[in-house]
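Have a look at the structure below, then the notes.
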Amino acid sequence: MTTTVTRPRITVRRVVFTLVLFTVTTLLFWVPFEGLFAASAEWPAPVRPIAAVVFVAAAVTMIALFTQRTSDRAARISQFLLGFVWIAFVWTLITDVLRLALALGGVENPFRSRLIAVLLAGIIVTVTVYGVYEAMRVPRIKRQDVTLPRLDPAFDGLTVAVITDTHYGAIDRAKWSRGMVDAVNSLGADVAVHVGDIADGTAEQRLEQASPLGDVNAKHRFYITGNHEYYSNAQGWIDLMTRLGWKALHNEHETLERGGARLVFAGIDDITADHSGEPGHTADLALALRGADSDAPVVLLAHQPSEIRKAVDAGVDLQLSGHTHGGQIWPFHYLVRLQQPVVAGLSRHSDRTQLYTSRGAGFWGPPMRVFAPSEITLLTLKSR
């Protein structure tokens, strides 16, 4: 009997991906290595070779651990390394400007290279510590008034607490989650919304971290899916949030009433739902607004700011989004801006339609936030 061994198929796409990954990883580690241990610094003989071994080991470790997708421990180490080396890469390039200025000013090596190396090391450590602190702290409260001309005076002053991108994941943040919920409850909001990317992992995996959301104290609580739910069974997250007392706006809407006036809260699945393979999941704004009072203003929950063009076409008054993390680790926001129309804050996109993009409460990947602080947003709706 002959046994046929099936070998993994090598495709052009896989080869290109591997080459790009190798090139990017090499640059991320090589640039800070040269900034810290340049030959021109003339460090004692063992320093540069030993540092080279450490940098290569770190790069190989990061890539190897990234392949262990089911291991939280591997994720914690690899994601920290990614954030650390990104910070080192960026600040090496910045200090290279100072290196050039010193060279033009006549400062000679090895003093010039040693001065830059010491300065760079201090910056990398300081920014990393600051970034971890900002990521792990309970988000600050950001208050924002939003005037909706079509809002009936009966709803003037309605408050909406916006939570998004909690990203419960490999680092156990159950205590952080409790602190975040306490911060939300201190606001006394009329409405609380979670605008997606609740976690990285299934509802069962992240149950302990997500459970405090059941204690959010607001008369109305609405939830929509983000793109990360579609990496780990979005329907499971909808089911869990429903059990926790949140209304999942799964391409649907709810109408709030005060003294005969109406205000519509609508929500759509994330656009990645279309290709997720999960039955019944797709981004469908028309379905979400079907049957809604056309005279009532609409607050739309859509995870990604890029949905704003559809919101404008549908006559939505205010879209609430997250997804961007405000860039999370500076200067990554420049890359985010290539994909999304807005990175953070309140913006206007037509005479009627405005968009509020939250920087989010948590973090994805590296446990760091640099110059992009997390937030819980309290929106106060105004009629004039």
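In what follows, every heavy atom counts, from backbone to side chain, and hydrogens, waters and symmetry copies are set aside. Here, residue 1 is the first one in the sequence, and each next residue gets the next number. Computed from a predicted structure; not experimentally measured.
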Looking only at heavy atoms, which two atoms of [X] and [Y] are closest? And how far apart?
| X | Y | answer |
| --- | --- | --- |
| L244 | R221 | O-NH2, 3.1 Å |
| P305 | G322 | CD-O, 3.5 Å |
| A283 | D274 | N-OD1, 3.0 Å |
| G201 | S232 | O-OG, 2.9 Å |
| L289 | A314 | CD1-CB, 3.9 Å |
| P373 | E134 | CB-OE1, 3.8 Å |

Query raised in the report: Out of D351, D317, D293, D295, which one pairs with R150 under the salt bridge (charged side-chain N to carboxylate O under 4.0 Å, His left out) rule?
Result: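 When salt bridge (charged side-chain N to carboxylate O under 4.0 Å, His left out) is applied between R150 and each of D351, D317, D293, D295, only D317 qualifies.
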Requested in this report: Applying salt bridge (Lys or Arg N to Asp or Glu O under 4.0 Å), run through R48 and E34 and close with a yes or a no.
Outcome: CA-CA 9 Å; R48 184 173 164 89; E34 286 296 334; 3.0 Å; yes
Requested in this report: Tell me, with the steps shown, if Y130 and F371 meet side-chain contact (heavy atoms from CB on, under 4.5 Å).
Outcome: CA-CA 9 Å; Y130 158 75; F371 308 145; 3.8 Å; yes
Group every Ile, Leu, Val, Met, Phe, Trp and Tyr by side-chain heavy-atom contacts under 4.5 Å, then state whether [X] and [Y] land in the same group.
| X | Y | result |
| --- | --- | --- |
| I171 | W176 | no |
| L335 | V90 | yes |
| W86 | V31 | yes |
| L36 | V85 | yes |
| V127 | I329 | yes |

Rounded to the nearest 0.5 Å, what separates atom [atom1] in [X] from atom [atom2] in [Y]?
| X | Y | atom1 | atom2 | result |
| --- | --- | --- | --- | --- |
| T357 | Q304 | OG1 | CD | 11.0 Å |
| L318 | L379 | CG | CG | 6.5 Å |
| L81 | I63 | CG | CD1 | 10.0 Å |
| L82 | I77 | CG | CD1 | 14.0 Å |
| S358 | L320 | OG | CG | 9.5 Å |
| I308 | L300 | CD1 | CG | 8.0 Å |

Backbone N/O of [Y] and side chain of [X]: donor-acceptor pair under 3.5 Å:
| X | Y | answer |
| --- | --- | --- |
| T25 | L21 | yes |
| Q328 | M368 | yes |
| S276 | A273 | yes |
| R337 | P341 | yes |
| R114 | S40 | no |
| N233 | G236 | yes |
| T282 | D284 | no |
| W237 | D197 | no |
| Q144 | L378 | no |
| R112 | V107 | yes |

Around atom [atom1] of [X], are there more than 12 heavy atoms from other residues, nucleotides or ligands closer than 6.0 Å?
| X | atom1 | answer |
| --- | --- | --- |
| F111 | CZ | no |
| R76 | CZ | yes |
| R13 | CZ | no |
| W43 | CH2 | yes |

Check whether any side-chain heavy atom of [X] sits under 4.5 Å from a side-chain heavy atom of [Y], and report yes or no.
| X | Y | result |
| --- | --- | --- |
| D270 | Y230 | yes |
| Q79 | F66 | yes |
| H253 | T255 | yes |
| L151 | L263 | yes |
| R369 | R359 | yes |
| T380 | R143 | no |
| L102 | L115 | yes |
| V195 | F222 | no |

[X] and [Y] ion-paired at < 4.0 Å:
| X | Y | answer |
| --- | --- | --- |
| R290 | E252 | no |
| D215 | R178 | yes |
| D190 | K219 | no |
| D313 | K310 | no |
| R140 | E375 | no |

With a 3.5 Å cut-off and no angle check, do the side chains of [X] and [Y] form a donor-acceptor pair?
| X | Y | result |
| --- | --- | --- |
| N227 | T272 | no |
| H167 | H325 | yes |
| Q235 | H281 | yes |
| H323 | D165 | no |

Query - Those residues that, when tested against S321, pass side chain to side chain donor-acceptor pair (under 3.5 Å) (two or more places apart) - result: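 Result, side chain to side chain donor-acceptor pair (under 3.5 Å) vs S321: Q319.
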Which word best sums up how the rings of [X] and [Y] line up, parallel for under 30°, tilted for 30 to 60°, or perpendicular for over 60°?
| X | Y | value |
| --- | --- | --- |
| F55 | F37 | perpendicular |
| H194 | W246 | perpendicular |
| W330 | W91 | tilted |

Query raised in the report: Given Y223 and L301, is the side-chain contact (heavy atoms from CB on, under 4.5 Å) satisfied, shown in steps?
Result: CA-CA 8 Å; Y223 162 71; L301 311 186; over 6 Å; no
Report task. Dump the intermediate steps for side-chain contact (heavy atoms from CB on, under 4.5 Å) on Y356 and T377, then the final yes or no. Result -> CA-CA 10 Å; Y356 186 82; T377 316; 3.6 Å; yes
Requested in this report: Report the C-alpha separation of V56 and F29 in whole Å, then their side-chain angles, then the decisive distance to 0.1 Å, and conclude whether the side-chain contact (heavy atoms from CB on, under 4.5 Å) test is met.
Outcome: CA-CA 8 Å; V56 170; F29 282 88; over 6 Å; no
Query raised in the report: Considering the options R206, H228, E208, which one meets the side-chain contact (heavy atoms from CB on, under 4.5 Å) requirement together with Y168?
Result: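 Exactly one pass, corresponding to R206.
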